[in-house]
2 protein chains.
Amino acid sequence: MAGDDEGAKTEPAHDRSLHQRIRADLEERILSGAWSPGHRIPFEHELMAQYGCARMTVNRVLSGLVEAGLIERRRRAGSFVRRPAGQSAVLRIPDVKAEVLSRGETYGYELISGTRRKATRDDRARIAVAAGAPLLALLCRHVADGRPYALEDRLIALDSVPEAADADFATELPGTWLLGHVPWHEAEHNISAAPADARTAARLDVPVGTACLVMERRTWRSGQPITAVRLWYPGDRQKLVARFTPSTAAGR
Amino acid sequence: MAGDDEGAKTEPAHDRSLHQRIRADLEERILSGAWSPGHRIPFEHELMAQYGCARMTVNRVLSGLVEAGLIERRRRAGSFVRRPAGQSAVLRIPDVKAEVLSRGETYGYELISGTRRKATRDDRARIAVAAGAPLLALLCRHVADGRPYALEDRLIALDSVPEAADADFATELPGTWLLGHVPWHEAEHNISAAPADARTAARLDVPVGTACLVMERRTWRSGQPITAVRLWYPGDRQKLVARFTPSTAAGR
DNA sequence: GAGTGGTCTAGACCACTTC
DNA sequence: AAGTGGTCTAGACCACTCA
């Protein structure tokens with residue numbers, strides 16, 4: 001009958017749930033190379049027999065592997081180990097404050113300037129607002145252990161987030177404030193390297209021309225531009241991101 | 001009875017499957033902010049009633065949202081919209097060849113040097129092999145539309161991948177070759193900015209000191225180091241990565 | 001104690017693909 | 001035509017947590 005079990009569920013609290021154990025089993029075989037790319041993994045009914053469970057259970061596991069990008073499935077043909085998608089990788093970028101704190105350094109923040117203006121031609125290359133739309137332009141410095149860590153150059157579209165005009169960015173991080181007022185959003189990131197110009201160099205307390213890591217992030221909410229931010233990190237000091245990738249993930 | 005339907009499945013090919021429609025519905029509400037962080041979304045039995053389906057179906061959707069990091073669930077309490085995890089983001093780095101081709105430029109490749117040596121102290125800072133372990137050190141140039149695009153400085157652990165000693169890296173991309181011979185692996189990435197030293201600048205045909213984007217990738221397979229690669233991109237030319245993130249994803 | 005989510009079952013129908 | 005995966009059902013038991 002439904003809900004009962006013949007061996008599998010008599011010991012549910014052993015370690016993890018059944019589908020987690022099956023998932024781990026299959027992942028191990030794939031990641032270790034025991035099943036190399038192109039290999040056909042057992043059919044659902046075979047896995048049912050091996051693990052003594054219902055088809056829904058193995059199906060759930062296999063669907064998860066598809067979502068993780070580890071396998072692909074074709075009707076009538078079976079399920080196959082996928083080839084890793086090129087030299088691709090999934091990275092994760094923490095926010096600046098978390099980044100500094102995770103390095104065990106003290107974090108500080110200063111608002112250098114905050115001005116309201118109508119979008120210029122240059123602004124509109126960074127943030128897709130109408131010509132003349134009101135913007136808030138912020139320049140902030142992130143400090144780690146007393147030394148400049150990153151320079152933040154941010155535009156906020158006041159048409160999309162009018163409350164930002166009244167926020168006090170001298171005490172509150174713009175990124176944090178936005179998170180609290182614009183719950184979920186889409187973002188696009190762009191990483192490049194550039195030499196520090198005179199003003200940037202002075203604000204970061206590095207020589208002019210220092211190679212900097214520049215991270216640009218543009219943010220939308222339902223198609224409306226919210227903010228565009230450029231973060232300048234002195235590249236000679238320390239790095240930005242590190243992340244390992246057990247799977248291609250996020251492919252779809 | 002099982003397998004039959006009362007309204008939902010009479011029109012299965014309409015658009016997407018039922019759980020995909022439910023998922024899209026809920027995601028839209030969350031991403032648009034209609035349900036802001038902390039909001040309690042309907043209980044499973046409420047969603048069952050709303051969509052006229054079985055609990056497994058809504059449960060599958062909600063489990064997916066948990067995996068995507070959009071919601072969190074607590075027994076007895078319910079399911080709640082999560083706050084976006086900091087300013088984090090999931091990026092994706094394509095491999096160099098795909099990157100160049102996707103820009104619509106012609107791709108070229110040259111092996112500058114390939115030598116076999118025992119691991120030095122400097123090597124071991126980059127790749128965690130035993131002292132004196134055999135390494136293959138490769139230096140390659142990626143070319144886009146005839147101009148140097150990136151410089152690849154790679155170490156391969158021959159203990160882990162002995163076949164690499166016989167590969168012809170003058171004609172085959174090291175990254176591609178490794179993908180074909182070391183199916184799945186874990187990788188760690190590190191992005192920084194650095195000025196081009198004299199040799200690097202010459203090989204990239206840029207002035208000495210040009211700010212470069214440096215991407216370092218270290219790769220393991222079941223704990224065994226496979227390869228460590230440094231990619232130098234002239235930062236003044238173009239960028240490296242861009243990616244948008246609808247959800248926190250990959251959180252676990 | 002009651003209600004939530006977490007998990008699992010034993011079936012079912014269907015679409016699609018390959019044979 | 002046969003067999004695969006894709007999806008869905010109507011239950012069930014359990015663990016956990018809150019009131």
Side-chain angles (χ1 to χ4, degrees), chain A residues 1-26 39-68 70-82 252, chain B residues 1-26 39-68 70-82 252:
Chain A
M1 311 88 182
D4 74 351
D5 50 290
E6 285 117 1
K9 246 177 68 188
T10 45
E11 37 198 350
H14 245 355
D15 220 350
R16 298 163 293 179
S17 62
L18 177 55
H19 74 264
Q20 283 175 330
R21 267 178 291 144
I22 301 178
R23 166 94 180 228
D25 267 16
L26 301 186
H39 181 269
R40 207 213 77 224
I41 75 178
F43 296 124
E44 294 191 346
H45 68 261
E46 294 174 322
L47 291 172
M48 283 173 62
Q50 284 178 34
Y51 290 97
C53 65
R55 194 177 144 224
M56 258 304 253
T57 306
V58 300
N59 185 289
R60 176 175 176 175
V61 171
L62 296 177
S63 299
L65 292 177
V66 168
E67 208 171 337
L70 284 176
I71 66 170
E72 57 189 348
R73 316 190 68 186
R74 292 198 304 275
R75 313 196 126 128
R76 174 72 212 224
S79 306
F80 302 85
V81 176
R82 263 185 42 163
R252 19 177 313 231
Chain B
M1 314 83 186
D4 75 351
D5 50 290
E6 284 115 4
K9 247 178 69 188
T10 46
E11 36 200 349
H14 245 355
D15 220 352
R16 298 163 295 181
S17 61
L18 176 55
H19 75 265
Q20 282 175 331
R21 268 179 290 144
I22 301 178
R23 166 96 181 226
D25 269 14
L26 302 186
H39 181 269
R40 207 213 78 225
I41 76 177
F43 296 125
E44 293 192 345
H45 64 81
E46 294 174 321
L47 291 172
M48 283 172 62
Q50 283 178 33
Y51 290 99
C53 64
R55 187 159 88 94
M56 257 304 257
T57 307
V58 300
N59 184 290
R60 174 175 177 174
V61 171
L62 296 177
S63 300
L65 291 176
V66 168
E67 208 171 338
L70 284 175
I71 67 171
E72 56 189 349
R73 317 189 70 186
R74 292 197 303 274
R75 321 201 122 136
R76 173 73 208 215
S79 306
F80 302 86
V81 177
R82 264 185 42 163
R252 25 171 312 225

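These numbers come from the heavy atoms of this one structure, side chains and all, not from hydrogens, waters or symmetry mates. No experiment lies behind these values; they were computed from the predicted model shown. Chain letters run A, B, ... following the sequence lines, proteins first, then strands; residues in each count from 1.
The ring-ring contact (aromatic ring centres under 6.0 Å, His included) check on A/Phe80 picks up nothing, with sequence neighbours excluded. Judged as a side chain to side chain donor-acceptor pair (under 3.5 Å), and not counting sequence neighbours, the contacts of A/Arg73 are A/Glu44, A/Ser79.
Residue A/Arg75 has no polar side-chain atom (N or O) positioned under 4.0 Å from OP1 or OP2 of D/dG6. Contact annotation: B/Thr57 side-chain N/O to D/dC8 OP1/OP2 distance is not under 4.0 Å. Taking 4.0 angstrom as the limit, B/Ser79 places none of its side-chain polar atoms (N or O) nearer than this to OP1 or OP2 of C/dT4. Here A/His19 reaches the OP1 or OP2 of C/dC8: one of its side-chain N or O atoms lies under 4.0 Å away. Between D/dG6 and B/Ser17, no contact under 4.0 Å exists linking OP1 or OP2 to a side-chain N or O.
Remark: B/Arg60 does not engage A/Glu67 in a salt bridge, criterion side-chain N to carboxylate O under 4.0 Å.
Comparing A/Ala77 and A/Met56 by the nucleotide of DNA chain D whose heavy atom lies nearest to each, the residue mapping closer to the 5' end is A/Ala77.
In this entry the distance linking CG of A/Asn59 with P of C/dG11 reads 17 Å, nearest Å. In this structure, CZ of B/Arg76 is placed 9 Å from P of D/dC18, rounded to the nearest angstrom. A straight line from CZ of B/Arg40 to C1' of C/dT4 spans 10 Å, rounded to a whole angstrom. For the pair A/Ile71 CD1 and D/dG5 C1', the computed distance is 11 Å after rounding to whole Å. If you measure from atom CD of B/Glu72 to atom P of C/dG5, you get 13 Å, rounded to the nearest angstrom. Atom CZ of B/Arg73 and atom P of C/dG3 are 18 Å apart (whole Å). When the P atom of D/dT7 is taken as reference, atom CZ of B/Arg21 falls 12 Å away, rounded to whole Å. Between the CE atom of B/Met48 and the C1' atom of D/dA12 there is a distance of 13 Å, given to the nearest Å.
Taken from CG in B/Leu62 to CZ in B/Arg55, the straight-line distance is 10.0 Å, to the nearest 0.5 Å.
In the interface, the side chain of A/Arg55 is not paired with the base of C/dA10 through any donor and acceptor atom under 3.5 Å apart.
Taking the side chain as every heavy atom from C-beta outward, A/Leu65 and A/Leu26 approach each other to under 4.5 Å.
Among the protein residues, B/Ser63 comes within range of no part of the nucleic acid, since none of its heavy atoms lies under 4.0 Å from any strand.
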